[in-house]
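Below is one structure, written out as structure tokens, with a few remarks after it.
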Amino acid sequence: FIWLPFANLGSMFETLKQTAFHEKLDFNEPDSQYSFLEFGKDLFNNIGQYLTSAIGNDDKMKIASNLRELFNLTTTTVAPKTPKRFRPKIIPVDKPETTTTPQPMPTVFTFPYTTPQFTTSTPAPEIPITYDPRPRFRYTTTTEPAIIKFVKTTKAPSTTTEEMETTEDDIIRFTTTTQRVRFATFSPNVPVTTTTTEAPTTTTELHTTTTTTPYTTTTPTTTTTRTTTTVTTTTPETSKALPQYQIWPTTTRPFIQTAKPIISSSESFIRPSSIIRNNVWKKVTPAVTPEYTTSVFFTTPMTTEATTTEEPVTTTVTYPISPTEVPFVYSSTAGIPYIIKARKFTRPPISEKIAVTSLPQIHKYDTCVPDQRCSIKLKSFETSDPLFQYCYSHSTMIDNSIQDLLRDTQTATSLPQHISWHSSVTPEVVQLVQTLMSLYRPSRCLVIGVFTGLGLLGVAERVDSRGIVVALEHPAYAVFWDKVGQKHARRLTATQMSRIQMRTSESIEKSLPRLATNEPNTFDFVFLDDFKRENYLDDYEHAIRLIRSGGLLIINQALNSGGVMSSIDHMTNDDRVIRNMNIRIKQDPRVSASLLPYGGGTWIVTKN
Ligand SMILES: C[S@@+](CC[C@H](N)C(=O)[O-])C[C@H]1O[C@@H](n2cnc3c(N)ncnc32)[C@H](O)[C@@H]1O
């Protein structure tokens, strides 16, 4: 009674009455402790008004006590109400998470490290972390079925033979294409040297045969002369057709291919033997090798011309043409059929400009420049810093097939403008992933972002023999795995290959939350290497939900080429998101994590 507000006793009694009503207490019962409410309301109203106007607070308390005695009221403790139904705690989604706990001042050394000095011009304020811990998408379906893809490719050298009829008047012009690959060697304190290597070539040979067949009609005897030219194309084995180079020699310095192939053309003219008479291309068999697609175009109809000779003549002429990696065979005479061989997938026609601009730029690891976006090159592709080169070159060498895949990624065609082979994970990170995976052989692995599959194959090699590797990729970019990565997946055993579950039916923004909703806490290992860095914060949250306690998460490209250290004015959007993610990981009580300045910046995160 005395705890209630004292301003207006009348309304106070009204309130009590309401309470009693809600508690289902009958205040009209004479025995009820609330029975005074009904009769005393008006009386107390008057007393209340009097008290309010006439006396001070202390006196009010005394009077209240007297009134209690007067009406023989006992103070009873009312049991707290049990909540009628569960009310979930509402977590603010957009509010920034801030740490309010004051950090003790370090005495001996500073940890975590202080803000770098180079950002003094505009001190970077803390960027609010806006992340939504709830799944964005709710799906009722179960996990989508695994799509397991197998590739079967042949890599043996192949020879194809095409036969055609031709004539001496016809000048057959062969455009031969030489591929030269420039690549540079660089290592600590050694200037860049550029070497040019001739790519092994395909040889084409012409064998011309003329057969004259007599046949009898009327006098005189008529014979048909038919000239056949055989074009034999020999394609060397793919692996030999590409220049050999190594990324991680264990004993010598790193030797990195940095340039793309330059294609130059030369022409040679061949006049077939004078015996050849007929201008007829009789038969053209498309040369289909595993590496080539051949298109055959005919622009003239087949004709035969009969001439009179005494006896059949057979002659063979051989024209070796070398090099002809991508031969164009056609006639100088209009209307003569020609053959165009489509270019090999891994050998795109690359303009001189691209080849020249792709020569390596040597970056030394350095501090950032004030008033600019910070750009630090740390990847083995880019740095010539002695420390990093030493570390990278002394790391265990990744196997040849991963080097081959990297090389094919470098020369792969049809890369959209915004993707280059630089999007590929670096070999040193694949090495790091494999080393960590060897420690505890995870069973259920997830690779977010596949591209040509360098990381995916690295993971597939180390996954436990009973495990699986789920790989998420955008449908629009799945082509790189299909066309480049899968070719190299043949080095995996059939069981290793069958462990890869490629999911490319929807974008990561959809597939990852769905997976996190359906299969939380089930993955032993997650490799996050998404191209869309603006999703990194969300991806991190989903990845943490997916990983079991004790599981491992590796995040590639966590420094965004140093951009995360820029002052706020010079940050790109991606820099901001990755910086927020880094802050989030630093503050995340669920994990224990280390950020290494290795590759493009690598997070090693374990879930507690
Ligand atoms: C940096 S690359 C991954 C490199 C790869 N981990 C490797 O081992 O070389 C990023 C990949 O994420 C994919 N990606 C980007 N945005 C995506 C999205 N929204 N959904 C699905 N995949 C996406 C891109 O297609 C690209 O292949």
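All ligand and atom numbering here is 1-based and tracks the order in the structure.
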Next item on the list: Mark up the atoms of ligand 1 that fall under 4.0 Å of a heavy atom belonging to Gly449, in ascending order.
Entry: 3 (C), 5 (C), 6 (N), 11 (C), 12 (O)
Notebook entry, point to check: So is Thr452 in contact with ligand 1, going by heavy-atom distances below 4.0 Å?
Noted result: no
Check: Do Tyr536 and Leu528 have side-chain heavy atoms sitting under 4.5 Å apart?
Finding: yes
Next item on the list: Could you say whether the N/O atoms of Phe451 and ligand 1 ever approach to under 3.5 Å?
Entry: yes
Note to self: Could you work out, for atom 25 (O) of ligand 1, the closest of Lys510, Glu473, Gln557, Glu506 by heavy-atom distance?
What the structure shows: Glu473
Notebook entry, point to check: Any N or O of Gly453 that comes nearer than 3.5 Å to an N or O of ligand 1?
Noted result: no
Check: With a 4.5 Å heavy-atom cut-off, do Asp529 and Ile448 have their side chains touching?
Finding: no
Check: Atoms of ligand 1 less than 4.0 Å from Glu509 heavy atoms?
Finding: 18 (C), 19 (N), 20 (N)
Next item on the list: Answer yes when Arg590 and Glu541 have at least one side-chain N-carboxylate O distance shorter than 4.0 Å, and no when they do not.
Entry: yes
Notebook entry, point to check: Judging by distance only, is a nitrogen or oxygen of Asp529 under 3.5 angstrom from one on ligand 1?
Noted result: yes
Next item on the list: Please tell me if the side chains of Val526 and Cys445 come closer than 4.5 Å, counting only heavy atoms from C-beta onward.
Entry: no
Check: Is Val425 in polar range of ligand 1, meaning some N or O pair under 3.5 Å apart?
Finding: yes
Margin query: So does Gly467 get a backbone contact from the side chain of Arg444, meaning a donor-acceptor N/O pair under 3.5 Å?
Written below: no
Next item on the list: Decide yes or no for Leu552 and Ile547: does some side-chain heavy atom of the first lie under 4.5 Å from some side-chain heavy atom of the second?
Entry: no
Notebook entry, point to check: Any idea which part of Asn556 is under 4.0 Å from ligand 1, heavy-atom wise: side chain, backbone, both or neither?
Noted result: neither
Notebook entry, point to check: Ignoring hydrogens and geometry, is there a side-chain-to-backbone donor-acceptor pair from Glu473 to Thr504 under 3.5 Å?
Noted result: no
Notebook entry, point to check: Can you check whether Leu472 has an N/O within less than 3.5 Å of an N/O in ligand 1?
Noted result: no
Notebook entry, point to check: For ligand 1, which atoms sit closer than 4.0 Å to a heavy atom of Gly455?
Noted result: 7 (C), 8 (O)
Note to self: Between the side chains of Lys379 and Glu428, is the shortest nitrogen-to-carboxylate-oxygen separation below 4.0 Å, so that they form an ion pair?
What the structure shows: no
